[in-house]
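All residue numbers refer to positions in the sequence shown, counting from 1.
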Amino acid sequence: MSESHQQPALTRCPGCEEPPASGDLFCGACGYDLSAVPARPDDRPTLAITVPPAAPSAPAPSAAPAVAPTAPHAPDAPAPPVAAVQWPAASETDSSDVPVPVHRATDLPGTDSGGKPLPTASPVRHDDRAVVAEPATVVPPDASGDFALAAPDPRTAEPTPTPAAGTKVCVACRSGRVDPDGYCENCGHAQPRERDHMEQELGSVAAVSDRGLRHHRNEDSFAVSSTALPDGSPAVVAIVCDGVSSASRPDEASAAAASAANEALLESLPRGTHPQQAMHEAIVAASEAVNALAQDPPGSAEHEAHRHQNAPACTLVGAIMAGGLLVVGWVGDSRVYWVPDDRTGPPARLTEDDSWAAQMVAAGLMNEAEAYADERAHAITGWLGADSYELEPHTASFKPDRPGLVVVCTDGLWNYAESAEEMAAAVPPEAHRRPLHGAQVLVGHALDGGGHDNVTVALLPFAVEPQGAGSACTTV
């Protein structure tokens with residue numbers, strides 16, 4: 001707690017040497033401010049604390065104070081002589097001949113009045129908004145003795161303007177408008193790229209795609225849609241594509257393939273094309289769309305011809321639910337799983353990978369455990385792209401006799417739930433009623449497992465009346 005000191009009385013004005021009247025704050029002659037503390041005169045030195053010489057024969061009485069009080073002196077009385085204290089010179093080394101350490105004020109952490117460490121640095125704002133001073137509010141201290149910050153008064157807070165319709169809203173503050181550079185104009189938060197995380201729900205089909213935790217971009221893509229057959233019955237479509245990272249522009253390849261396959265199905269199914277034939281034609285259309293990416297644009301330079309050596313490529317897997325049939329088609333190592341609503345029934349994997357491991361198992365050279373433990377296991381042997389081998393689309397048709405869930409996914413998911421039993425265990429029980437939620441849970445399952453790859457999954461609930469008959473299957 002600070003102390004206040006009384007100003008000494010002045011006998012003469014320091015400015016004009018005229019004697020001031022008692023109680024004057026300013027000199028009547030020259031206007032000098034008499035309240036200012038005058039400089040101490042040379043003949044009034046500060047009294048120093050004297051150290052009496054040691055006297056072994058006559059020790060000082062224990063009751064005597066160590067420092068005797070000094071009586072005030074009259075203004076004109078001379079100051080008594082004071083003996084200066086002779087302090088011994090400090091040694092440059094300690095008792096062990098080691099240089100004496102020099103301590104700075106910042107070497108030891110300070111504490112506040114409550115004994116807590118002082119902050120090392122003041123908080124720094126990373127935006128351009130000035131801190132607006134709020135009116136002082138008395139807030140009682142909390143249990144630690146510190147005063148908590150007062151909550152802003154909603155009656156005085158300025159409302160955040162609502163962005164116009166069609167304007168992209170910040171994912172952080174949920175109120176600011178996103179500028180063309182991808183930053184929020186309100187809080188400055190950088191916005192995620194559109195393909196880093198995508199979700200779509202369309203009636204009874206839903207899909208989610210995520211960049212994952214290791215890749216710098218999302219090279220997966222998907223398309224979900226619905227249409228009607230000539231008899232008016234519904235047809236639901238889900239296409240999932242995975243860009244080949246070792247190829248150029250894999251993100252463009254997957255987007256082009258998913259869009260082309262989806263458009264082909266929406267055109268052929270309403271015309272009455274059989275769903276399995278429609279799936280085959282859709283895969284061919286997707287392949288042509290990816291091949292077109294490798295063609296040089298008009299007017300390109302000759303030095304860009306090397307782009308053919310590493311053409312864009314991707315895999316594709318799709319499913320169609322139409323007329324009581326489940327039709328799947330694929331090229332590559334993306335998969336389709338069947339998970340019955342009654343979990344007492346067995347789940348199943350409906351596709352076979354175009355991969356090195358699958359070929360080893362099919363040829364009887366390795367069992368499945370040995371093949372997938374090999375470092376070449378995920379090397380694909382079939383894909384869409386200008387530099388692929390002869391295109392061989394795979395299609396299969398099923399007629400389930402009980403309701404279930406169709407899981408269409410890339411290897412970013414099934415790497416963490418490879419077998420049909422593991423995939424069924426990862427699917428939440430209510431996924432057939434809430435497909436979007438189920439897809440979100442499955443993507444979270446892959447991210448919790450490490451998220452080493454892009455993750456994309458589409459869920460299609462398949463509803464049929466139980467008939468007690470076995471399912472029919474046709475594979476091409």
Output the distance between atom [atom1] ([X]) and atom [atom2] ([Y]), rounded to the nearest 0.5 Å.
X	Y	atom1	atom2	answer
D448	L213	CG	CG	8.5 Å
R193	H216	CZ	NE2	6.5 Å
R211	D453	CZ	CG	12.0 Å
I283	T395	CD1	OG1	7.0 Å
E281	E267	CD	CD	9.5 Å
L391	S287	CG	OG	4.5 Å

_Verdict with reasoning, S268 to T273, per side chain to side chain donor-acceptor pair (under 3.5 Å)_ = CA-CA 6 Å; S268 60; T273 306; 4.8 Å; no

*N218 vs D251, side-chain contact (heavy atoms from CB on, under 4.5 Å): CA-CA, chis, key distance, verdict*: CA-CA 7 Å; N218 188 2; D251 53 333; over 6 Å; no

_Ring centroid separation H445 to W414 under 6.0 Å_ =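 Between W414 and H445, which both carry aromatic rings, the centre distance is not below 6.0 Å.
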
*Do W383 and Y389 have ring centroids that are under 6.0 Å from one another?*
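Close enough - the centres of the two rings lie under 6.0 Å apart.
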
Keeping [X] on the side-chain end and [Y] on the backbone end, is there a donor-acceptor pair under 3.5 Å?
X	Y	result
N367	E370	yes
N454	R217	yes
E422	S419	yes
S248	N310	yes
D354	G332	yes

Tell me, do [X] and [Y] make a side-chain contact under 4.5 Å, heavy atoms counted?
X	Y	value
H432	P403	no
W356	D374	yes
R335	V407	no
T315	V331	no
S221	R195	yes
V443	L413	no
L459	V406	no
V336	R349	no

*Crowded around Y372 OH? As in, over 12 foreign heavy atoms under 6.0 Å?*
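Result for OH/Y372: enclosed.
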
_Does E418, at its CD atom, have more than 12 non-hydrogen atoms belonging to other residues, nucleotides or ligands within less than 6.0 Å?_
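Yes, the 6.0 Å shell around CD holds more than 12 heavy atoms from other groups.
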
Does a side chain donor of either [X] or [Y] reach within less than 3.5 Å of an acceptor in the other side chain?
X	Y	value
T410	D242	no
E392	H394	no
S254	R249	no
H378	D353	no
E219	S245	yes

Restricting to non-hydrogen atoms, name the atom on [X] and the atom on [Y] that form the minimum distance, rounded to 0.1 Å.
X	Y	answer
C409	M423	SG-CE, 4.2 Å
S226	L266	O-CD2, 4.1 Å
A238	A458	CB-CB, 4.0 Å
I239	G318	CD1-CA, 3.8 Å
G449	Y416	O-CE2, 3.2 Å
A322	L229	CB-CD1, 3.9 Å

_Candidate list L460, V457, T456, test side-chain contact (heavy atoms from CB on, under 4.5 Å), partner V408, passing option_ =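 Output: one option passes, namely L460.
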
*Evaluate the side-chain contact (heavy atoms from CB on, under 4.5 Å) criterion for residues L269 and V237: first the C-alpha distance (whole Å), next the side-chain angles of each, then the deciding distance (0.1 Å), finally the verdict.*
CA-CA 10 Å; L269 289 174; V237 173; 4.0 Å; yes

*Taking it one step at a time, do N262 and S225 satisfy side chain to side chain donor-acceptor pair (under 3.5 Å)?*
CA-CA 7 Å; N262 184 64; S225 60; 2.6 Å; yes

*Output, in order, the C-alpha distance, side-chain angles, deciding distance and verdict of side-chain contact (heavy atoms from CB on, under 4.5 Å) for N415 and H452.*
CA-CA 9 Å; N415 277 333; H452 288 73; over 6 Å; no

*asked:* Quick one, L447 with D210, criterion side-chain contact (heavy atoms from CB on, under 4.5 Å). Give me CA distance, side-chain angles, the key distance, then yes/no.
replied: CA-CA 9 Å; L447 298 181; D210 192 88; 3.8 Å; yes

*Charged N-O contact under 4.0 Å between R402 and D341*: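 Here R402 does not pair with D341 in a salt bridge, since their nearest N and O are not under 4.0 Å apart.
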
